[in-house]
Amino acid sequence: MNKIPLLMDVDTGTDDAIAIICALMSTEVLEIKVFTAVAGNVGVDLTSSNTLNIVDYLGFDIPVAIGAAQPLTKELHTAISHGATGLGDVIVPKSNRSFYGKDAADTIYEHAAAMEGELEIVAVGPLTNIAEAILRYPDIVPLIKRITIMGGALRGGNMTQASEFNLYVDPDAGKIVFESGIPLVMVGLDVTLKPQLPLAVVETVKRLDNKFAGLAARIFDFMLRRCEQFGFDPPNVHDAIALASLVVPGLVTLNRYVMTVETEGTVTRGMTVADFNNVTGKEPNVSVAVDIDCNRFWDWMTGKFLSVERD
């Protein structure tokens, strides 16, 4: 079986870290070419160093490229629930390796061109890096097989009543990507809020003796304490669900819609707007996840940790 050539675009906070860990445990089906980091949950200096540190700590030398420090036109809004560093109180040993020599936009284009239309992208942060790649290299559009996005929602938000965090942070980038013509899968809050982290999964991961489980257990512990202490941001693993949707066939149910992203408005900035009634008359441009098999997701994730050999 041919592996899926993958670029992961991340703003590494806690759930991004879980997605990265799951990706690195899935190298039997994924050929991870590179990680690109963007500002989002925290600044890009931290999202990039968090990514490099995790990749190195888990024993991989996959390149990590630094991307956009600011949204295309808006002021950067970072999250508060991931702590000052993005990883809460979890400390990962500092890598001695250098970042990739090109910025994220150039890196995305380089790998898309090299893969000649076969590159898959999983984007779990604001879409600034990908939008910059499209603006810089318009010929990239047919070179990307598909982008799986963790972001948006058909109804409701977690940043405003209408908008999800990643699209709120850089709605202009979101609009460019959604209207680019690249095949898109949107894995948004409609499904990522459903599988809240079960304590049984946490306990299983805590019992395992390997670096992947050890790091994930510490992150899970912070997520649970964060929710208990502050009474918000339940322990959802949004970004890992987007990754899983790529590698677990049939995990999510998809509907096709014409979609765009609202770039302005106090409440609607970053809102992902679906044409439910076909008022535009256009062909759908986004496959949207509308349901998920929660038990199958947790079985998949637990199985990945159980498959890793002891340290």
Sequence neighbours excluded, which residues qualify as side chain to side chain donor-acceptor pair (under 3.5 Å) partners of [X]?
X: R146; answer: E120
X: Y57; answer: none
X: K304; answer: E28

Enter the distance from [X]:[atom1] to [Y]:[atom2] here, rounded to the nearest 0.5 Å.
X: L246; Y: I241; atom1: CG; atom2: CD1; answer: 14.5 Å
X: I108; Y: I140; atom1: CD1; atom2: CD1; answer: 6.5 Å
X: T14; Y: H82; atom1: OG1; atom2: NE2; answer: 4.5 Å
X: L208; Y: F305; atom1: CG; atom2: CZ; answer: 8.5 Å
X: I130; Y: I176; atom1: CD1; atom2: CD1; answer: 11.5 Å
X: S245; Y: I292; atom1: OG; atom2: CD1; answer: 8.0 Å

Nearest heavy-atom neighbours spanning [X] and [Y]:
X: L167; Y: G270; answer: CB-O, 3.3 Å
X: V44; Y: A37; answer: CG2-O, 3.7 Å
X: L193; Y: N236; answer: O-ND2, 3.4 Å
X: P71; Y: V169; answer: CG-O, 3.4 Å
X: V205; Y: A213; answer: CG1-O, 3.4 Å
X: A242; Y: V124; answer: CB-CG1, 4.3 Å

Candidate pair F60 and T27, rule side-chain contact (heavy atoms from CB on, under 4.5 Å), full reasoning: CA-CA 11 Å; F60 293 82; T27 52; 4.0 Å; yes

Do [X] and [Y] land in one hydrophobic cluster if side-chain heavy atoms of ILVMFWY residues count as linked below 4.5 Å?
X: I66; Y: I54; answer: yes
X: M259; Y: V290; answer: yes
X: I144; Y: L243; answer: no
X: V10; Y: M301; answer: yes
X: L127; Y: Y109; answer: yes

Residue pairs involving residues 288-302 (criterion side-chain hydrogen bond (donor to acceptor under 3.5 Å, both in side chains); sequence neighbours excluded):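 Only K194-D291 qualify under side-chain hydrogen bond (donor to acceptor under 3.5 Å, both in side chains).
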
Residue pairs fulfilling side-chain hydrogen bond (donor to acceptor under 3.5 Å, both in side chains) with at least one residue in residues 170-184, sequence neighbours excluded: T73-D172, K74-D172, T128-D170, K175-E179, K175-T260, E179-T260

Can you list every pair that meets salt bridge (charged side-chain N to carboxylate O under 4.0 Å, His left out) and has a residue in [range], with sequence neighbours left out?
range: residues 46-67; answer: D56-R97
range: residues 4-18; answer: none
range: residues 101-119; answer: K102-E110, D103-R136, D106-R136, E118-K145
range: residues 78-89; answer: D89-R225

With no hydrogens and no angle check, is any side-chain donor or acceptor of [X] less than 3.5 Å from a backbone partner on [Y]?
X: N50; Y: T85; answer: yes
X: S163; Y: M159; answer: no
X: E164; Y: G152; answer: yes
X: T47; Y: V38; answer: yes
X: N210; Y: F212; answer: yes

Could you check if a side-chain atom of [X] sits within less than 4.5 angstrom of a side-chain atom of [Y], using non-hydrogen atoms only?
X: L199; Y: L224; value: yes
X: M223; Y: V237; value: yes
X: L24; Y: I62; value: yes
X: L215; Y: K211; value: no
X: F178; Y: I149; value: yes
X: F297; Y: V252; value: no
X: I18; Y: D239; value: no
X: V64; Y: F99; value: yes

Partners passing ring pair (Phe, Tyr, Trp, His ring centres under 6.0 Å) against Y100 (at least two apart in sequence or in another chain): none

Ring pair (Phe, Tyr, Trp, His ring centres under 6.0 Å) against Y168, all qualifying residues, sequence neighbours excluded: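 So Y168 forms a ring pair (Phe, Tyr, Trp, His ring centres under 6.0 Å) with H77.
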
Over 12 non-hydrogen atoms of neighbours within 6.0 angstrom of CG in N278: yes

Review item, side-chain donor-acceptor pairs of residues 181-190, under 3.5 Å, at least two apart:
| from | atom 1 | to | atom 2 | distance (Å) |
| --- | --- | --- | --- | --- |
| D190 | OD1 | L154 | N | 3.2 |
| D190 | OD2 | L154 | N | 2.8 |

